[in-house]
Amino acid sequence: MKKKYLLSLDQGTTSSRAIIFDETGNIRGSSAREFKQLYPQPGWVEHNPYDILGSQMGVISEAIASAGLTPRDIEAIGITNQRETTLVWDAETGEPICNAIVWQCRRTAEAAERLIREGYERLIYGKTGLIPDAYFSATKLRWILDNVAGARARADAGKLRFGTVDTYLLWHLTGGRVHATDFTNASRTMLFNIHTLDWDDDLLEIFGVPRSMLPEVHPSGFMYGATETGIVGRSIPVCAMAGDQQAALFGQLCTHKGDMKNTYGTGCFLLMNAGDEAPQSKRGLITTLAASVGRPDYALEGSVFVGGAAVQWLRDELRMIRTAADSEKYAVRVSDAGGVYVVPAFVGLGAPHWDSRARGTVTGITRGTTKEHFIRAVLESIAYQVFDVMHAMERDTGIKPTALKVDGGASANDFLMQFQADISDCKVVRPKVVETTALGASYLAGLTCGYFNGLADIEANAQTDRTFAPTFDEAKRQALLLGWEEAIGKAKYR
Ligand code: ADP
């Protein structure tokens, strides 16, 4: 029989990509297309739904061609996507009634704050695992229903459909036949009860959302439907959908309780598999659903607002380095940061500190401080911030992590990875294929359609690029952490 491949569609915030994987999880072909970010007002971020669709559909055939394949060689499709971004379209024609409101958009910040003021925080956290914020889909959807002419009446008459990006792509791939989402995407809407695994009537009432708008919800790995022949020249089953961070957690094979991954991008996204019981965070982490083929596990999630962005700051604003990779060259020229701590709280501090009014701070500078110390302190600050989230997860769950799986642009920095291992007293594991988001979607699709026999099949082929083992003695580690805590204290507003 001829060899077959899996196709992942990775619909991100700034680009749409298609990647082809073989049975060993190696990349055989790919294509990417950036699309336009729309900023109609300060703090507002939108995408034209046709840009999302056009860029994503366009790269499918390019990726297949780049691998020297034809659509016949593709066994199944998995979708992974930017989360929370909200779309509404006409149930008959599929025509969007307005632009997509992107997760970053702050237009509903006041609405989210009002929910907290009115005392809904506990109810919402209890049902959804989320802390009310404009980030999640619910306030965006209500904004559309309240502000787009005729939307409320059409929604009440059952004539509109809501979806996150996975749902919107699936709808179009299947020619408008399938209106569905998966648990991971549903868990980011702030309308979904992560305990009953159903849309929550109380929340639908609070946000004024009729149930008829909402997609069916299934596990991430599920036979969602088949593509219309016209789209890729052949009908191919769509066997998986998952939000990007949860897809990456699965792509890193964090399928057991306590498994943890961090993505070092512009910001950092840390997720821990928390097993089959929802943890209650006392430290401001959110609880979300993990990707799965059957009933989903829970995951704890925390993010660091400024991760790799601090390296961009060194490069673009301070002009201390020419390329992001240069940061490593400077950092390893000194044996430590010389007592300097940089807290890049440029936009406040997230979990577990939660101080929106905190600002960037540098401590410990002396006459002997050099550029090398400063750059090293900036890289170290990324690791300290990630450690703070890891530590909060450990305290919330009682599980001490044994390994941190890593990916994202800045995970290429060996110095940073070694320091992360040292300061966290935990092994850091970097996989060979760092496209873990797309890889996760392909694993889920392959498991669902029988391309893989089981997880063991996948685990046998997963390859590690490098493992970084911790080297600090405990006294040194604690002394450095104490210095970081003091620096954080100075960055805080209060
Ligand atoms: P995103 O998906 O958020 O755009 P990426 O995963 O592409 O992010 O990672 C880009 C980020 O990683 C940038 O902020 C960049 O400064 C940082 N980065 C890239 N390479 C390195 C490196 N070698 N050392 C440190 N930071 C790096």
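All values below come from the heavy atoms of this structure, side chains included, with hydrogens, waters and symmetry mates left out. Order of appearance sets the numbers: ligands from 1, and atoms from 1 within every ligand. Bear in mind the structure is a predicted one, so any value in this text is a computation, not a measurement.
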Starting from [atom], which protein heavy atom do you reach first, and at what distance in Å?
atom                    : value
atom 24 (N) of ligand 1 : Asn413 ND2, 3.0 Å
atom 11 (C) of ligand 1 : Gly265 C, 3.9 Å
atom 1 (P) of ligand 1  : Thr266 OG1, 3.5 Å
atom 21 (C) of ligand 1 : Ala324 CB, 3.6 Å

For residues Gln418 and Asp422, is any side-chain donor paired with an opposing acceptor at under 3.5 Å? yes
Is there a polar contact between ligand 1 and Gly409, counting only N or O atoms under 3.5 Å apart? yes
N or O contact, Gly408 vs ligand 1, cut-off under 3.5 Å: no
How about [X] and [Y]: are their ring centres within less than 6.0 Å of each other?
X      : Y      : answer
Phe419 : Tyr384 : yes
Trp44  : Tyr39  : no
Phe269 : Tyr264 : no
His218 : Tyr224 : yes

Closest heavy-atom approach to atom 15 (C) of ligand 1 among Ala310, Gly12, Ala325, Gly308 is made by Gly308
Ala410, Ala331, Ser411, Cys268: member with heavy atom nearest to atom 27 (C) of ligand 1: Ala410
Please confirm whether the backbone N or O of Cys254 pairs with a side-chain atom of Asn273, one donor and one acceptor, at under 3.5 Å? yes
Would you say Ser424's side chain and Cys426's backbone share a donor-acceptor pair under 3.5 angstrom? no
Give a yes/no verdict on whether any heavy atom in Gln312 is under 4.0 Å from an atom of ligand 1. yes
More than 12 heavy atoms of other residues, nucleotides or ligands under 6.0 Å from CD of Gln37: is that the case? yes
Heavy-atom distances under 4.0 Å decide this one: backbone, side chain, both or neither, for Ala309 against ligand 1? backbone
Going by the atom numbers of ligand 1, which of them fall below 4.0 Å from some non-hydrogen atom of Ser327? 24 (N), 25 (C)
Answer yes or no for atom 5 (P) of ligand 1: protein heavy atom present at a distance under 4.0 Å? yes
